[in-house]
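Since we're looking at a predicted model, the values are computed, not measured. All values below come from the heavy atoms of this structure, side chains included, with hydrogens, waters and symmetry mates left out. In each ligand, atom 1 is the first atom listed, and ligand 1 is the first ligand listed.
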Amino acid sequence: MINLKTKHEIELMLTAGRLLNSVVEEMKAACEPGVTTGDLDRLADGLIRQGGARPGFLGYQDYPKSTCISVNDEVVHGIPGRRAIHEGDIVSLDLGLVLDGFWADMGCTVPVGRVSPEALRLIRVTEESFWAGMEKAQAGNRLGDLSAAIQSHVEAAGYSVVRQFVGHGIGRNMHEDPQVPNFGTPGTGPELRPGMTLAIEPMVNAGSYDVYIKPDGWTVMTADGKLSAYFEHTVAITPDGPRILTLGEAEGAQGLKATG
Ligand code: MF3
Ligand code: CO
């Protein structure tokens, strides 16, 4: 069942999203060589609580930390710990918080220092694929239009979209209907309607889309050991087009954004 949000509920999600954006910006700035993923997690946890919110991932299905941090060939759901990040790494930050009963979920992949041109291209194409999906995130379109747009942008660049994990509806719960795959067929799936709130999150592998889960029960790895990147925002479908709820205060003031 797809849970449509009222204008007021979307405003609450926007407030949660702004706070989350500020935390992600601080984390991005802290992604320096030598810092550990555990340090980054503690930074985010503190900032979320300072903002009066709850780190939503902590304890979610017994997940042990407040953020997911996935390095290089880790796709998503990496567990922060003692691992230090190094120049040349690409680091995917993924976090969610709950404020006034509503979730915001966002993340992105950050290059540490100088990274290879291939890695930069992967990050760029992944973010672009999000914007390709956004162009189709219009009321009256079908969800498959959005999914297919992400997939074709990624595949045109020679990369692949992960099949085993998908985006999701979001609101009073982190995961609500519908699932938001990053692959699909135009003209299929539920119709997009004003009031839908979706976490759109392309996960893009440089090589094959096959993944496996490490024995820690969480960390998703590329099967071929090649790099992976990710990009996520929480988005509301409105009568005037898609609205990103996880922008910074200044960006958010621009309101609707049709293209990157
Ligand atoms: N952003 C992810 C998702 O949407 C991360 C959730 S995993 C968690 O599925 F367990 F850490 F919460
Ligand atoms: Co998500």
Side-chain angles (χ1 to χ4, degrees), residues 2-3 5 13-14 16-17 19-21 23-24 27-28 37-38 40-45 48-49 53-71 74-81 83 91-99 102-110 126-127 129-130 133-134 137 143 146-147 150 161-183 196-205 211-221 228-237 242 244-247:
I2 297 177
N3 190 353
K5 277 76 179 178
M13 291 181 69
L14 187 64
L19 174 62
L20 181 57
N21 183 286
V23 176
V24 171
M27 265 182 113
K28 280 162 74 174
T37 56
L40 294 169
D41 181 74
R42 273 185 294 277
L43 171 70
D45 181 275
I48 289 169
R49 293 176 197 274
R54 173 168 77 79
F57 291 5
L58 184 64
Y60 182 85
Q61 293 178 1
D62 292 328
Y63 185 73
K65 295 287 174 179
S66 297
T67 65
C68 296
I69 303 181
S70 311
V71 183
E74 297 175 349
V75 179
V76 286
H77 302 171
I79 304 174
R83 178 177 187 167
V91 179
S92 299
L93 309 172
D94 178 7
L95 50 160
L97 60 75
V98 190
L99 185 64
F102 283 92
W103 277 79
D105 189 6
M106 80 173 277
C108 60
T109 301
V110 182
T126 302
E127 179 169 347
S129 76
F130 168 86
M134 282 289 282
L143 186 60
L146 186 162
S147 300
I150 293 173
V161 290
V162 172
R163 302 294 198 271
Q164 250 180 274
F165 295 87
V166 296
H168 48 94
I170 181 169
R172 288 190 182 276
N173 301 292
M174 171 163 55
H175 294 141
E176 298 185 353
D177 288 340
Q179 292 199 336
V180 183
N182 300 302
F183 52 93
M196 281 187 185
T197 44
L198 307 173
I200 302 175
E201 48 180 317
M203 290 155 262
V204 177
N205 290 354
V211 297
Y212 70 95
I213 298 177
K214 284 216 310 196
D216 66 20
W218 285 100
T219 313
V220 180
M221 311 286 300
S228 187
Y230 140 94
F231 191 84
E232 175 175 22
H233 274 301
T234 296
V235 175
I237 307 298
I244 300 185
L245 303 179
T246 40
L247 290 179

Establish, from distance only, whether the side-chain atoms of D105 and H168 form a donor-acceptor pair under 3.5 Å.
yes
Within less than 2.8 Å of the Co ion (ligand 2), how many protein N/O/S atoms are there?
4
Decide side chain to side chain contact (heavy atoms under 4.5 Å, CB included) for M196 and I2; before the verdict, give the C-alpha distance in whole Å, the side-chain angles of both, and the deciding distance to 0.1 Å.
CA-CA 8 Å; M196 281 187 185; I2 297 177; 3.7 Å; yes
Could you check whether any side-chain heavy atom of E201 comes within less than 4.5 Å of a side-chain heavy atom of Y230, counting everything from C-beta outward?
yes
Just how far is it from atom CG of L143 to atom CD1 of I237, taken to the nearest 0.5 Å?
9.0 Å
With sequence neighbours left out, which residue pairs that include part of residues 164-176 fulfil the salt bridge (Lys or Arg N to Asp or Glu O under 4.0 Å) condition?
K5-E176
Tell me every residue that passes side-chain hydrogen bond (donor to acceptor under 3.5 Å, both in side chains) with K28, counting only those two or more places apart in sequence or in another chain.
E25
What are the polar N/O contacts of ligand 1 with the protein below 3.5 Å, with distances?
{"unit_1": "ligand 1", "atom_1": "1 (N)", "unit_2": "D94", "atom_2": "OD1", "d": "3.1"}
{"unit_1": "ligand 1", "atom_1": "1 (N)", "unit_2": "D94", "atom_2": "OD2", "d": "2.8"}
{"unit_1": "ligand 1", "atom_1": "1 (N)", "unit_2": "D105", "atom_2": "OD1", "d": "3.2"}
{"unit_1": "ligand 1", "atom_1": "1 (N)", "unit_2": "D105", "atom_2": "OD2", "d": "3.2"}
{"unit_1": "ligand 1", "atom_1": "4 (O)", "unit_2": "D105", "atom_2": "OD2", "d": "3.1"}
{"unit_1": "ligand 1", "atom_1": "4 (O)", "unit_2": "H168", "atom_2": "NE2", "d": "2.7"}
{"unit_1": "ligand 1", "atom_1": "4 (O)", "unit_2": "H175", "atom_2": "NE2", "d": "3.3"}
{"unit_1": "ligand 1", "atom_1": "4 (O)", "unit_2": "E201", "atom_2": "OE2", "d": "3.1"}
{"unit_1": "ligand 1", "atom_1": "9 (O)", "unit_2": "H175", "atom_2": "NE2", "d": "2.8"}

Do the two ring centres, one from F165 and one from H77, sit under 6.0 Å apart?
yes
With rounding to the nearest 0.5 angstrom, report the CG to CH2 distance, D62 to W218.
8.0 Å
Does a donor on one side chain and an acceptor on the other come within less than 3.5 Å for T246 and N21?
no
